Structures are given as C-alpha cells and as structure tokens.
Undergrad: 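Sharing a structure with you now.
As the structure is a prediction and not an experimental result, all values here were calculated from the model.
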Amino acid sequence: MSPLGGAALAAVVTPNPDHPSTWSGFLGFVALVIGCALALIGVYAAVSTYRGLDPARRRGQALPVTLTCFFFVAIGLAVAALGVWIL
C-alpha cells in the first residue's frame, strides 16, 4: 500500500515550445536582477553619502560621490543589459 493512500502524484510541465526554459534564460534573469540591484545600490550609496556629509564639505565631495554613483549605475546597467540580451 502506498503512503499516499493510492493517490498518484504527477509533475506536469507544459513549457512554451517557442521559448524553452534553459540555463541561459535563468542566468540572464539572474544577471538582470543583479544589474538592477547594483544600479539601485549605487544610487542609494551616493544619496546617503551626500546627505551624511556636513554642508561645508558637500561642495568639495560632490564630484567623487557623483563619480562613484555613475560607476555603480553604469556597471549595473551594463550587467542588466547583458541579462536582457541573454534572455
């Protein structure tokens, strides 16, 4: 006698034949999520750093904070674009 009381469990998968699920699709989605996260982290870090500085120091530190934000956003968008291209 089966532990399920005679019930049979079946895994039914109906993939789209025009767009099969593959590892490249999964990794593309992961790259898209990581790229968006990097871009958001860069913007958040720049804004929080800029707000945390004393008003007297903001003028001298605005360029490095902006460049750091641009670096994170550029790399994040590049990774996200790679993920979209892979999908």
Undergrad: As an exercise, state the distance from CG of L32 to CG of L27, rounded to the nearest 0.5 Å.
TA: 12.5 Å

Undergrad: Working to the nearest 0.5 Å, report the span between OG of S24 and CH2 of W85.
TA: 10.5 Å

Undergrad: What distance do Y44 atom OH and T49 atom OG1 have between them, rounded to the nearest 0.5 Å?
TA: 9.0 Å

Undergrad: Which atom pairs, donor and acceptor, lie under 3.5 Å between side-chain atoms of residues 65-80 and protein residues at least two apart or in another chain?
TA:
unit_1 : atom_1 : unit_2 : atom_2 : d
T66    : OG1    : A62    : O      : 2.7
T68    : OG1    : P64    : O      : 2.8

Undergrad: Spell out, yes or no, whether W23 and I86 are grouped together once hydrophobic residues are joined by side-chain heavy atoms under 4.5 Å, including indirect joins.
TA: no

Undergrad: Has the side chain of S48 got a donor or acceptor atom that lies under 3.5 Å from a matching backbone atom of A45?
TA: yes

